[in-house]
Amino acid sequence: MSEPTGLRARKKERTRDAIGDAAVSLFLERGFDRVSVNDIAAAAEISKPTLFRYFPTKEDLVLHRFADHQGEAARVVRGRRSGVEPVTALHQHFRAGLDRYDPVTGLNDHPEVVAFHRLVFTTPSLAARLTRYRLEDEEALADALGEGVQAHLRAAQVLAVQRVLARTNWQKIADGRTAHDVHPEAVADADQAFSRLW
């Protein structure tokens, strides 16, 4: 008798999370380039082929944490209320993230989050892979904004603004400030940046 589909999916998700958590722990402890795929498979108590069924590349073991945010800007634009301009909806969404201290905004001072961002920003292969994620996000947002070069330019502008704001927030926290202390500046920076779009 086979497992119900929902149970099987949850089991796969738990396995994926366990592999990803084991990998990130090792990367934070030793550094990305000093941890092999074999090390991760051993820590997660799985085979190497099983690991690659869940994560096609070593970089994906880290960047899967961004998966929840993949295509988020496009979803915000498509799901906005009638009469709300796309840039307004994106601004409001980013501001809400700042107020929640969402790690994706860079405004989160939990030591593990700060270390995770440091790992991503200072490891060239991870930064390069993250660029690919961002290009996919840009395509999705451009599609949500309309057609032609103007939609692509607007999408690129929005995602560049979000990236610079998040990196600036993270750097202030990495330099020793608290997220609570940085929050007013982060809000002011976001308001100014989004007001200059389009």
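Residue indices begin at 1 and follow the sequence shown. Quick note: numbers below take in every heavy atom, side chains included, and nothing from hydrogens, waters or symmetry partners.
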Notebook entry, point to check: Who pairs with Lys58 by side chain to side chain donor-acceptor pair (under 3.5 Å), at least two apart in sequence or on another chain?
Noted result: none
Check: Is a side-chain N or O of Asp137 found less than 3.5 angstrom from the main chain of Arg134, in a donor-acceptor match?
Finding: no
Check: Can you find a pair of side-chain heavy atoms, one from Leu126 and one from Leu130, that are under 4.5 Å apart?
Finding: no
Next item on the list: Kindly indicate whether the side chain of Asp39, heavy atoms from C-beta on, has any atom under 4.5 Å from the side chain of Ser36.
Entry: yes
Checklist line | Which atom of Pro103 lies closest to which atom of Asn108, heavy atoms considered | finding: CG-ND2, 3.7 Å
Note to self: Using the rule given for side chain to side chain contact (heavy atoms under 4.5 Å, CB included), can you reason through Val120 versus Leu63, listing the C-alpha separation, both sets of side-chain angles and the distance that settles it, and then say yes or no?
What the structure shows: CA-CA 8 Å; Val120 172; Leu63 299 179; 4.2 Å; yes
Margin query: Looking at Glu85, I want to see if its CD is surrounded by more than 12 non-hydrogen atoms of other residues, nucleotides or ligands under 6.0 Å.
Written below: no
Margin query: When you compare the side chains of Thr57 and Asp60, does any donor N or O come within less than 3.5 Å of an acceptor on the partner?
Written below: yes
Check: Phe27 vs Phe32 aromatic rings, parallel, tilted or perpendicular, using cut-offs 30° and 60°?
Finding: tilted
Margin query: Between Phe52 and Val24, is there shared hydrophobic-cluster membership here, with clusters defined by ILVMFWY side-chain heavy atoms closer than 4.5 Å?
Written below: yes
Margin query: Tell me every residue that passes side chain to side chain donor-acceptor pair (under 3.5 Å) with Tyr101, counting only those two or more places apart in sequence or in another chain.
Written below: none
Check: Can you tell which of Arg100, His180, Glu185, His183 makes a side-chain contact (heavy atoms from CB on, under 4.5 Å) with Leu107?
Finding: His183
Next item on the list: Might you work through the side chain to side chain contact (heavy atoms under 4.5 Å, CB included) test for Phe194 and Gln162, ending with a clear yes or no?
Entry: CA-CA 9 Å; Phe194 276 94; Gln162 291 179 345; 4.1 Å; yes
Next item on the list: Flag the pair Arg177 and Asp109 as a salt bridge only when some basic side-chain nitrogen lies within less than 4.0 angstrom of an acidic carboxylate oxygen.
Entry: no
Next item on the list: Please name the residue in the list Asp175, Thr168, Asn169 that meets the side-chain contact (heavy atoms from CB on, under 4.5 Å) test with Gln171.
Entry: Asp175
Margin query: Please report the interatomic distance CG(Leu90) to CD(Glu72), rounded to the nearest 0.5 Å.
Written below: 9.5 Å
Notebook entry, point to check: Which atom names give the shortest non-hydrogen contact between Glu138 and His152, and what distance separates them?
Noted result: OE2-O, 4.4 Å
Check: Is there a path of hydrophobic side-chain contacts, each under 4.5 Å between heavy atoms of I, L, V, M, F, W or Y residues, that connects Leu159 with Val87?
Finding: yes
Check: So how far is it from Thr123 OG1 to Arg129 CZ, rounded to the nearest 0.5 Å?
Finding: 14.5 Å
Next item on the list: Would you give the length of the straight line joining atom OG1 of Thr88 to atom NE2 of His93, rounded to the nearest 0.5 angstrom?
Entry: 14.5 Å
Note to self: With clusters defined by side-chain heavy atoms of hydrophobic residues (ILVMFWY) lying less than 4.5 Å apart, directly or transitively, does Val182 cluster with Val161?
What the structure shows: yes
Note to self: Please find the pair of heavy atoms, one from Ala155 and one from Ala142, that lie closest to each other, and give the distance.
What the structure shows: CB-N, 3.6 Å
Note to self: Could you check whether any side-chain heavy atom of Leu145 comes within less than 4.5 Å of a side-chain heavy atom of Gln150, counting everything from C-beta outward?
What the structure shows: no
Next item on the list: Find the distance between CD1 (Ile40) and CG (Leu51) and round it off to the nearest 0.5 Å.
Entry: 6.0 Å
Item checked: Working for side chain to side chain contact (heavy atoms under 4.5 Å, CB included), residues Leu26 and Arg34 -> CA-CA 9 Å; Leu26 287 173; Arg34 292 189 177 135; over 6 Å; no
Next item on the list: Tell me, please, which residues at least two apart from Asp33 pass salt bridge (Lys or Arg N to Asp or Glu O under 4.0 Å).
Entry: none
Margin query: For a 4.5 angstrom cut-off between non-hydrogen side-chain atoms, does His91 reach Leu197?
Written below: no
Next item on the list: Determine, step by step, whether Arg78 and Asp143 satisfy the side chain to side chain contact (heavy atoms under 4.5 Å, CB included) criterion, reporting the C-alpha distance in whole Å, the side-chain angles of both residues, the deciding distance to 0.1 Å, and the verdict.
Entry: CA-CA 10 Å; Arg78 286 197 172 99; Asp143 187 54; 2.8 Å; yes
Note to self: So that I can tick it off, tell me whether Asp17 and Arg10 are bridged by a salt bridge, with the cut-off set at under 4.0 angstrom between side-chain N and carboxylate O.
What the structure shows: no
Margin query: Is the shortest side-chain heavy-atom distance between Asp21 and Arg65 below 4.5 Å?
Written below: yes
Checklist line | His117 side chain to Val114 backbone, donor-acceptor under 3.5 Å | finding: no
Check: Distance from Thr105 atom OG1 to His69 atom NE2, nearest 0.5 Å?
Finding: 9.0 Å
Check: When clusters are formed by joining ILVMFWY residues with side-chain heavy atoms under 4.5 Å apart, either directly or through shared neighbours, do Leu165 and Leu98 land in the same one?
Finding: yes
Next item on the list: Decide, yes or no, whether a salt bridge links Arg132 with Glu59 under the criterion of side-chain N to carboxylate O below 4.0 Å.
Entry: no
Note to self: Measuring from atom NE2 of His64 to atom CD of Gln70, what distance do you get when rounded to the nearest 0.5 angstrom?
What the structure shows: 13.0 Å
Notebook entry, point to check: Where does the angle between the aromatic ring planes of Trp170 and Phe121 fall among parallel (under 30°), tilted (30 to 60°) and perpendicular (over 60°)?
Noted result: perpendicular
Margin query: Is it the case that the side chain of Arg80 and the backbone of Val77 share a donor-acceptor pair, with hydrogens and angles ignored and the cut-off at 3.5 Å?
Written below: yes
Check: Checking Arg30 side chain against Val35 main chain: does a donor-acceptor pair fall under 3.5 Å?
Finding: no
Check: In terms of hydrophobic clustering (I, L, V, M, F, W, Y; side-chain heavy atoms under 4.5 Å; direct or indirect links), are Val104 and Phe116 co-clustered?
Finding: no
